[in-house]
There are 2 protein chains.
Amino acid sequence: MNIEQRAIDDKLATIFKVLSDPHRISILRILHENGHEMTCGEVGERLNLAKSTVSYHFKALRKAGLTNTRQVSQTKLLSINETTFEQYLPHFFDVL
Amino acid sequence: MNIEQRAIDDKLATIFKVLSDPHRISILRILHENGHEMTCGEVGERLNLAKSTVSYHFKALRKAGLTNTRQVSQTKLLSINETTFEQYLPHFFDVL
DNA sequence: ATCTTTGTTCTATGAATATCGAACAAAGAG
DNA sequence: CTCTTTGTTCGATATTCATAGAACAAAGAT
């Protein structure tokens with residue numbers, strides 16, 4: 001097996017690992033359904049999770065390039081990173 | 001959040017969990033590129049893994065419905081389960 | 001200047017995961 | 001019947017992960 005293929009498999013695996021938690025899937029669905037940016041707090045309330053836990057998941061999603069973050073004063077607005085989904089997960093939201 | 005949505009998120013997360021390991025991605029790519037069934041041993045040799053490890057990954061893939069298994073005498077032939085991919089992971093192999 | 005809100009980071013913990021070798025099982029082959 | 005091949009299961013281990021609470025930080029609001 002060659003190096004490039006191995007790199008692709010690693011990259012995909014890391015993206016799928018981020019998607020392997022039900023709460024993170026829920027976060028993405030909520031963001032998608034809402035159709036606009038949401039705060040960490042809003043999402044946390046919907047999922048009934050401690051804010052530290054939500055922050056942990058947000059970090060994972062951001063790090064994998066699945067979401068964008070925009071800082072507005074003391075709050076942080078989350079949104080879907082369409083580019084990543086088009087490139088690596090086409091039709092993801094169709095299935096959702 | 002309603003029950004059906006939660007169920008979908010759980011189902012998707014379990015599928016993605018199976019895909020969150022580079023070796024399992026490689027296994028699927030090898031199967032797809034080969035275009036026909038392969039034995040546990042063939043795949044294991046390509047990935048340089050102990051047969052117990054390969055067996056472990058095969059079980060995970062099978063359990064998630066991502067592969068089919070066909071027993072022929074003492075060997076076992078693996079193939080992609082197209083139905084599952086169409087339903088939950090459309091265009092997966094395009095990205096690969 | 002103090003209080004409130006929003007989110008991050010740290011620490012601890014219990015659970016799950018990937019890996020291997022060894023033992024085991026099933027089925028042909030000699 | 002014994003040997004070989006193919007794969008599964010078991011036991012052990014090292015690593016990673018999801019979660020919560022506590023402490024901290026930044027930025028408004030009063």
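Since the model is a prediction, treat every value here as computed from it, not as a measurement. Here is how names work: the chains are called A, B, and so on, in the same order as the sequence lines, proteins then strands, and each is numbered from 1.
Where DNA chain D meets chain B (any atom under 4.0 Å from a heavy atom), the bounding nucleotides read 5' to 3' are D:dT6 to D:dT9.
Side-chain contact between B:R62 and B:H57 is absent, with no heavy-atom pair separated by less than 4.5 Å. At least one side-chain heavy atom of B:K11 sits less than 4.5 Å from a side-chain heavy atom of B:Y88. Contact of the B:F92 side chain with the B:T84 side chain is not registered, since no non-hydrogen atoms from C-beta on lie closer than 4.5 Å. Put simply, the side chain of A:L89 reaches to within 4.5 Å of the side chain of A:I15, judged on heavy atoms. Considering only heavy atoms from C-beta on, A:R70 stays 4.5 Å or farther from A:K76 through its side chain.
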**OP:** Apply side-chain contact (heavy atoms from CB on, under 4.5 Å) to the pair B:L66 and B:N81, showing each step before the final yes or no.
**Re:** CA-CA 5 Å; B:L66 294 170; B:N81 184 338; 5.7 Å; no
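Using modelled atom types, one finds a donor on one side chain and an acceptor on the other under 3.5 Å when comparing A:E33 with B:Q5. Side-chain atoms of B:D9 and A:S26 form a donor-acceptor pair, as typed in the model, at a separation below 3.5 Å.
Base engagement by A:S55 is indicated by at least one non-hydrogen atom pair under 4.0 Å involving a base atom.
Along DNA chain D, the nucleotide nearest A:S73 and the nucleotide nearest A:L49 are compared for position; the residue whose nucleotide lies closer to the 5' end is A:L49. Each of B:K51 and A:K76 was matched to the nucleotide of DNA chain C holding its nearest heavy atom; the match closer to the 5' end belongs to A:K76.
Contact annotation: A:K59 reaches the phosphate of C:dT9 (side-chain N/O to OP1 or OP2, under 4.0 Å).
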Quick one: which protein N/O atoms are closer than 3.5 Å to N/O atoms of nucleotides 14-18 of chain C? Pair and distance per line, please.
residue: C:dA18; atom: OP1; partner: B:R24; partner atom: NH2; Å: 2.8
residue: C:dA18; atom: OP2; partner: B:Y56; partner atom: OH; Å: 2.5

